[in-house]
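Notes to accompany the following structure.
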Amino acid sequence: MSGDFSAPDLRASDPGASAWVSASAGSGKTHVLTARVLRLLLEGTPPGRLLCLTYTRAAAAEMANRVLETLGGWATAGEDELAKELTATVGRPPEKAAVDGARKLFARVLDAPGGLRILTLHAFCQSVLARFPLEAGLSPRFRVLEEADAEALLREARESVLRRAQAEPESDLGRALEAVVRHADEGTFSGLMDELVAGRRRLRRLLDRGGVEDLIRRIRQFLGVGPRETPDSAIAAACQDRALARRALGNAVKALDAGSETDRGKAARIGAFLAADAEARPALFDAYCSAFLTDKGKPLAKPATKKALDVPGVAETLALEADRLVAACARADAARVSRASVALAVLGAAVLDAYDAAKRRAARLDYDDLVLRTLDLLERPGIAPWVLFKLDGGVDHLLIDEAQDTAPEQWRVVALLAEEFFAGEGARPEARTVFAVGDVKQSIYSFQGADPAAFARMRDHFRARAENAARRFEAVALARSRRS
């Protein structure tokens with residue numbers, strides 16, 4: 001592994017400290033990650049006690065190839081060349097024993113059972129579930145769905161739910177479909193359903209908190225809408241006598257009727273609305289609003305001519321009524337959004353339930369299931385401590401690549417794996433470390449439900465754990481580009 005190492009590179013790859021590395025494009029993320037693996041091996045860490053989690057199989061293969069290529073080069077390099085390489089890698093001239101040890105690392109890694117554990121996070125989760133299938137409530141013969149097969153199964157689940165909704169129009173599912181179709185034409189509806197399926201990771205995350213009923217409650221709570229409130233009821237409430245300043249509006253009608261042609265048109269619309277019964281007013285509501293609001297629902301910049309506005313109290317009355325109507329329209333819009341969102345939640349939950357049922361029948365898991373089932377296993381009372389104890393016995397150093405694209409559930413898996421790393425010295429005298437490298441600016445926000453902000457939150461989490469255990473923790477920024 002040739003190349004120069006800056007001071008930040010050496011701090012980040014220091015095997016004696018946990019490190020959180022924020023990097024930029026071309027600043028050498030893989031370079032530093034490889035260097036850290038090499039330095040851990042040089043320090044005597046058994047290959048099997050390293051666990052490096054990457055995001056794609058290609059990234060895992062590239063990482064493994066870089067390490068093995070470097071170790072292979074060390075095995076055959078001349079004395080001076082190897083000493084130079086090691087000096088650059090560790091930041092100081094090596095002793096003779098270190099040079100001899102470096103030459104043996106290639107064979108040591110090749111002979112290690114399983115070799116270097118450089119895996120995608122999903123492959124690691126699959127290995128955990130394969131090791132503890134009964135504890136995870138799975139068939140020992142479970143298989144993983146490839147992405148294309150998972151998408152096909154999702155399409156089948158979606159179509160079956162839509163057929164059931166059409167066949168049962170009076171059911172919750174049928175009413176949900178009717179509510180969605182009311183707001184979307186055929187093309188828009190198809191796009192909505194595609195987005196619903198594409199966002200299943202986030203929807204599943206929401207449903208796992210308390211089911212579809214809890215999700216519906218939180219949607220309404222967020223929008224400030226009651227369970228029985230509808231757009232029609234919101235408008236009807238705004239049309240009641242008690243909601244209207246009838247005397248002041250009546251005076252405004254008289255003033256407008258004496259004004260320009262535009263003013264008289266407004267007076268006619270306002271007068272007709274005030275004269276109608278409360279039950280008839282919702283039909284006149286849009287015309288009434290046009291006397292106060294623009295087409296975009298904002299108060300008119302000039303609600304009337306100067307002659308009408310000079311009449312005492314008219315300007316204030318028109319402004320107050322415009323503000324009231326803005327609030328009423330906003331409440332009706334919130335009820336409309338709530339109804340559509342609740343309907344989508346019901347449809348989405350039904351699609352996910354049908355998809356999950358199809359997977360259970362076939363003893364299949366998709367990539368999301370691998371993470372969620374592993375997380376459930378690691379958090380399950382009575383079972384998790386034993387599983388973590390068995391896993392904890394094989395990992396001393398945890399490394400996470402492309403950490404900016406790690407989803408919340410994936411971070412929870414990482415945190416659980418490292419739970420005992422900073423719990424005092426325990427039975428191990430050596431320091432155990434966590435390393436992560438990522439670039440929030442390059443985050444693929446929708447990729448596997450990634451939450452870029454979690455990169456900083458988890459940095460603070462592990463820094464606090466390390467400091468409480470009197471362990472070293474380095475927060476390193478790689479700002480220098482290696483491409484220029």
Side-chain angles (χ1 to χ4, degrees), residues 51-61 114 117-161 194 196-209 211-212 348-384 386-388 390-391 394-395 400 402 405-417 444 446-451:
L51 176 59
C52 182
L53 301 177
T54 67
Y55 249 76
T56 64
R57 295 171 185 170
R117 289 197 291 172
I118 301 176
L119 307 167
T120 65
L121 189 137
H122 294 99
F124 170 74
C125 289
Q126 184 178 352
S127 71
V128 172
L129 295 175
R131 187 176 171 185
F132 305 101
L134 299 181
E135 291 83 355
L138 296 172
S139 165
R141 298 182 180 179
F142 80 86
R143 292 174 59 189
V144 179
L145 283 167
E146 292 299 329
E147 196 67 31
D149 295 330
E151 293 297 332
L153 209 58
L154 270 167
R155 285 194 298 272
E156 292 175 12
R158 184 180 76 173
E159 294 307 316
S160 71
V161 166
D194 287 342
L196 193 65
V197 169
R200 64 185 181 277
R201 296 179 178 93
R202 283 171 289 175
L203 179 58
R204 172 57 68 197
R205 193 181 304 157
L206 292 170
L207 291 170
D208 284 345
R209 295 179 183 177
V212 68
V351 169
L352 288 183
D353 286 346
Y355 176 55
D356 289 342
K359 287 186 295 181
R360 282 194 299 270
R361 287 193 298 269
R364 299 289 189 270
L365 300 179
D366 65 14
Y367 288 115
D368 288 345
D369 293 327
L370 293 174
V371 176
L372 294 174
R373 290 292 194 127
T374 300
L375 182 58
D376 178 68
L377 177 65
L378 298 182
E379 292 182 330
R380 188 175 300 174
I383 294 177
W386 179 76
V387 172
L388 283 167
K390 300 294 286 185
L391 294 176
V395 181
I400 303 101
E402 300 294 352
D405 286 326
T406 304
E409 294 84 3
Q410 295 166 345
W411 275 125
R412 285 163 65 191
V413 170
V414 169
L416 288 166
L417 290 175
I444 309 171
S446 61
F447 183 59
Q448 298 181 1
D451 178 11

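- In terms of heavy-atom proximity, Tyr355 sits nearest to Ala157 at N-CB, 3.6 Å.
- Atom CD of Glu151 is separated from atom CG of Leu145 by 10.5 Å, given to the nearest 0.5 angstrom.
- Smallest separation of non-hydrogen atoms from Leu119 and Ala123: CB-CB, 4.3 Å.
- The side-chain heavy atoms of Val395 and Leu417, taken from C-beta on, include no pair separated by under 4.5 Å.
- The CD1 atom of Ile118 sits 10.5 Å away from atom CG of Leu53, with the distance rounded to the nearest 0.5 Å.
- Looking only at side-chain heavy atoms (C-beta outward), Leu378 and Val387 come within less than 4.5 Å of each other.
- Considering every non-hydrogen atom in both Leu370 and Leu129, the closest pair reads O-CD1, 3.8 Å.
- Ion pairing between Lys359 and Asp369 holds under the 4.0 Å rule for side-chain N and carboxylate O.
- Between Arg412 and Glu379 there is a salt bridge, with a side-chain nitrogen of the basic residue lying less than 4.0 Å from a carboxylate oxygen of the acidic one.
- Put simply, CG on Leu365 and NE2 on His122 are 11.5 Å apart, with the number rounded to the nearest 0.5 Å.
- The shortest heavy-atom contact between Val351 and Arg158 is CG2-CA, 4.0 Å.
- The pair Asp356-Arg360 does not meet the salt-bridge criterion, since no charged nitrogen lies less than 4.0 angstrom from a carboxylate oxygen.
- Side chains of Tyr367 and Gln126: a donor-acceptor N/O pair is absent below 3.5 angstrom, by distance only.
- Looking only at side-chain heavy atoms (C-beta outward), Arg204 and Asp368 stay at 4.5 Å or farther from each other.
- A 6.0 Å sphere centred on CZ of Arg131 holds more than 12 heavy atoms belonging to other residues, nucleotides or ligands.
- Leu134 and Pro140 make their closest contact through CD2-CG, 4.1 Å (heavy atoms, listed as atom of the first residue, atom of the second, distance).
- A heavy-atom distance below 4.5 Å is found between the side chains of Leu138 and Arg373.
- Using a 4.5 Å cut-off on side-chain heavy atoms (C-beta onward), Phe132 and Leu377 make contact.
- Taking OG1 of Thr56 as the start and CG of Leu121 as the end, the distance is 12.5 Å to the nearest 0.5 Å.
- Proximity of a side-chain donor or acceptor of Gln410 to a complementary backbone N or O of Ala407 within less than 3.5 Å is detected.
- Between Glu135 and Arg380 the shortest heavy-atom distance is O-NH1, 2.6 Å.
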